[in-house]
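These notes concern the structure reproduced below.
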2 protein chains.
Amino acid sequence: MPLVVAAAYGGPVVSEGERRQTTIYDVAAAAGVAPSTVSRAFSRPGRVRAETAERIRAVAAELGYRANPQARALTTTRTGMLALVLADVTNPVFAEVVRGAGRACERDGYTMLLAETEESAEKERAMVDRAQGSVDAIVLTSSRMSDAAIRQIAKVEPLVVLNREVPGVPSVLVDFEPAMRRITEHLAELGHRQITYVAGPEASWADGMRWRGLRLATEHLGIRLRRVGPVAPTVAGGQTAVVDWDDHRTSAVVAYNDMVAIGIVRRLAASGVRVPEDVSVVGFDNTPVGELVTPALTTVAAPLRALGETGASNAIALAAGARSRATDPIRLPTRLIARASTGPVRG
Amino acid sequence: MPLVVAAAYGGPVVSEGERRQTTIYDVAAAAGVAPSTVSRAFSRPGRVRAETAERIRAVAAELGYRANPQARALTTTRTGMLALVLADVTNPVFAEVVRGAGRACERDGYTMLLAETEESAEKERAMVDRAQGSVDAIVLTSSRMSDAAIRQIAKVEPLVVLNREVPGVPSVLVDFEPAMRRITEHLAELGHRQITYVAGPEASWADGMRWRGLRLATEHLGIRLRRVGPVAPTVAGGQTAVVDWDDHRTSAVVAYNDMVAIGIVRRLAASGVRVPEDVSVVGFDNTPVGELVTPALTTVAAPLRALGETGASNAIALAAGARSRATDPIRLPTRLIARASTGPVRG
DNA sequence: CTGAAAGCGCTAACAT
DNA sequence: ATGTTAGCGCTTTCAG
């Protein structure tokens, strides 16, 4: 069966049906060297004479040789793949993380495997389970699993958790405390003396951190803090929170995230309460829509892309043998973005 | 070196450092059968007596056996992985596609590999190149590569293209023609007699289709059509388009997508032109933000999730040997969503 | 620096 | 229905 060689797309292509790939043996034969030398020429360039390596590369290119990743992985136990698991790519916050992780992978020649858990701890476990054998490292974003489960996985596989602190497991997270302090200061400067926090999902580690940071900061500045919720981290969730706020009105509201904040603003507007004249509203995440709604949202920009990027590159380093048992989380700095949804409190 | 067995997370776990996995040989020995029988028990359950299979499974579970995907792939040449390549997960449109493809993969027990090309045809080629050996099928979303290059890949690897038509290559796409017709009818019903189309990226296949659909529909209904652009498919892009529109004002503007539409509305508002009182604006894609901006955007909902899902499942079917050389694209239906950015033309 | 030989863990004929 | 025997394509000792 004759090979049909096509010039256009990188090397030989076999006629439909027949798919035998060119192996190191083919290259070896054509280059007049032993197969092991071909292998070395690709995986350990230093260990072969420059000339020989050159010739081998040439022949390989001509024959369209491509190393078989599976075969390689079989002996090296390294697949060059990293699994990124998260709840929902459709959430802009996670999308940024994906982008960052993708960059890190590309930089280090890794391939990224994406697993969406759709908020289910069970699914998350299943996905990790399946990915486990195929990847060199795993990055868990806002994991829903128990600390114990996560630690267990970390024991078997290089693992980094994002937006979550698990003692003993490398993690990188958004530095919430200063973020909440900045929000509080911003509000205080505008004259606000009481704040309502609209909480997000109870199970969320991030929600706990935001609440904690806010408590610390308000205490320090002598500001009254109330908490309502939890609500779903969505526009609808924010809307439902307004009735609770209405029970004990405060001049400022800090929402779990931008979506919730937008929901609050909308419901407020619907009942004739003006933002920011009557009440100031603060979001979190600096989601793109925050800039497009009216009024534009005051919010906190988290370095989401960097989160994904450092998470992935740390995981890759771990896979490469970097036993940095320094278990202190890496904390990424945030930035307050003051826009039109906050304003001075009215006498 | 003694093994440390942990009960908590699915089976044995070795002490740090030592990572030897349990193989079919271990299971075979423990179950008192030949290795090949263990293999069969997992890959070809029918070919082994129920009792035996049961015993093998039990032993395997106890030993924490997990098939090595690389080894399996080496003989079967099937990896159980699918590559989804697209420009940008951060774009809500693509995020939905990812979600859909992820679902299809999960349903069929596939693992999804994600590659972001960041709009570069070169990068796209490189990513495909790298994924090629590791996956059973590839899904290309809004590819920037040439038809020839795509066809070449399709010859070597099961491939489905999304949002693009490449003769001879299976594709699934949003059915633009009826979508543009619906937009035109909607506008015509409101009394509009001239429309400006604000074009997206020139290289975009989707842009070409939208323009074509609009031309057909306006011709049919006797409506004047003008075209401005191309502009970047972003809010900023939309803003720049307004000056061109201003040269020959029309009572209605159809934008390449929601982002462009939002940009247009904002710039219009900034110069005192009211939407929809003075001019009606229509977007495309039904991005979540379209509902949150003021005025809420009239747009077209494309079945993005379904796009990803049918794309992936077709690719998987192809990988499984379904030689459906029916090269007619699958066209997915759209839905007009009339909101507040369109209104009757004013006498 | 290069060659020869022995697997990695699994599946796929071929036997029985 | 199960056991035996060869490899899949690559890396890796171990020799030379």
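Heavy-atom basis, side chains included; hydrogens, waters and symmetry copies ignored. Remember, predicted model here, so these are calculated numbers, not experimental data. In the text below, chain A, chain B and the rest are named by the order of the sequence lines, each starting its count at 1.
Among the nucleotides D:dT11, D:dG3, C:dG9, the one closest to the side chain of B:Asn68 is C:dG9. When distances run from any side-chain atom of B:Arg72 to the nucleotides C:dC8, C:dC10, C:dT2, the shortest one goes to C:dC10. Of all nucleotides listed (C:dG3, C:dG9, D:dC10), D:dC10 comes nearest to the side chain of A:Tyr25. Side chain of B:Thr75, nearest nucleotide from C:dG3, D:dG9, C:dT11: C:dT11. Among the nucleotides D:dC10, C:dG9, C:dG3, the one closest to any side-chain atom of A:Ala34 is C:dG3.
For B:Thr37, a side-chain nitrogen or oxygen approaches OP1 or OP2 of D:dG3 to under 4.0 Å.
In this model, no donor atom of one side chain and acceptor atom of the other lie less than 3.5 Å apart for B:Thr79 and A:Gln70.
Per the geometry, CZ belonging to B:Arg66 stands 19 Å off C1' belonging to C:dC8, to the nearest Å. A straight line from CG of A:Leu74 to P of C:dG7 spans 14 Å, rounded to a whole angstrom. Taking atom CD1 of A:Ile56 as the reference point, atom P of D:dT11 lies 12 Å away to the nearest angstrom. Between B:Tyr65 atom OH and C:dG9 atom C1' there is a gap of 8 Å when expressed in whole angstrom units. The CZ-P distance, from B:Arg47 to C:dC14, rounds to 14 Å in whole Å. Rounded to an integer number of Å, the gap from CD of B:Gln21 to P of C:dC8 is 11 Å. Computed from coordinates, the B:Ile24 CD1 to D:dT4 C1' distance equals 13 Å when rounded to whole Å. The nearest whole Å value for the distance from the CZ atom in A:Arg44 to the P atom in D:dT13 is 9 Å.
Between the side chain of B:Thr52 and the base of D:dT2, no donor-acceptor pair under 3.5 Å is found. Counting distance only, with no hydrogens placed and no angle test, the side-chain atoms of B:Arg40 and the base atoms of D:dG3 include a donor-acceptor pair under 3.5 Å.
The 12-atom threshold is not exceeded at CZ of B:Arg47, counting heavy atoms of other residues, nucleotides or ligands nearer than 6.0 Å.
Geometric assessment of A:Arg57 against the ring of A:Phe42 yields a positive cation-pi assignment under the 6.0 Å and 45° thresholds.
Taking the side chain as every heavy atom from C-beta outward, B:Arg66 and A:Asp129 approach each other to under 4.5 Å.
Residue contacts shown for B:Ser39 include a base, since a base heavy atom lies under 4.0 Å away. The residue A:Thr23 sits close only to the backbone: its heavy atoms come under 4.0 Å of sugar-phosphate atoms, none of a base. Using a 4.0 Å heavy-atom cutoff across all strands shown, B:Ala73 reaches no nucleic acid atom at all.
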task: Begin from the C-alpha positions of A:Thr23 and A:Asn68 and carry the test side-chain contact (heavy atoms from CB on, under 4.5 Å) through to its verdict.
output: CA-CA 8 Å; A:Thr23 72; A:Asn68 178 324; over 6 Å; no
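Along DNA chain C, the nucleotide closest to A:Gly46 and the one closest to A:Pro35 are compared, and the more 5′ of them pairs with A:Gly46. Map A:Ala50 and A:Ser36 each onto its nearest nucleotide of DNA chain C; the residue landing nearer the 5' end is A:Ala50.
For the side chain to side chain contact (heavy atoms under 4.5 Å, CB included) test with B:Leu140, the passing option among B:Val128, B:Thr117, B:Leu162 is B:Val128; the others fail.
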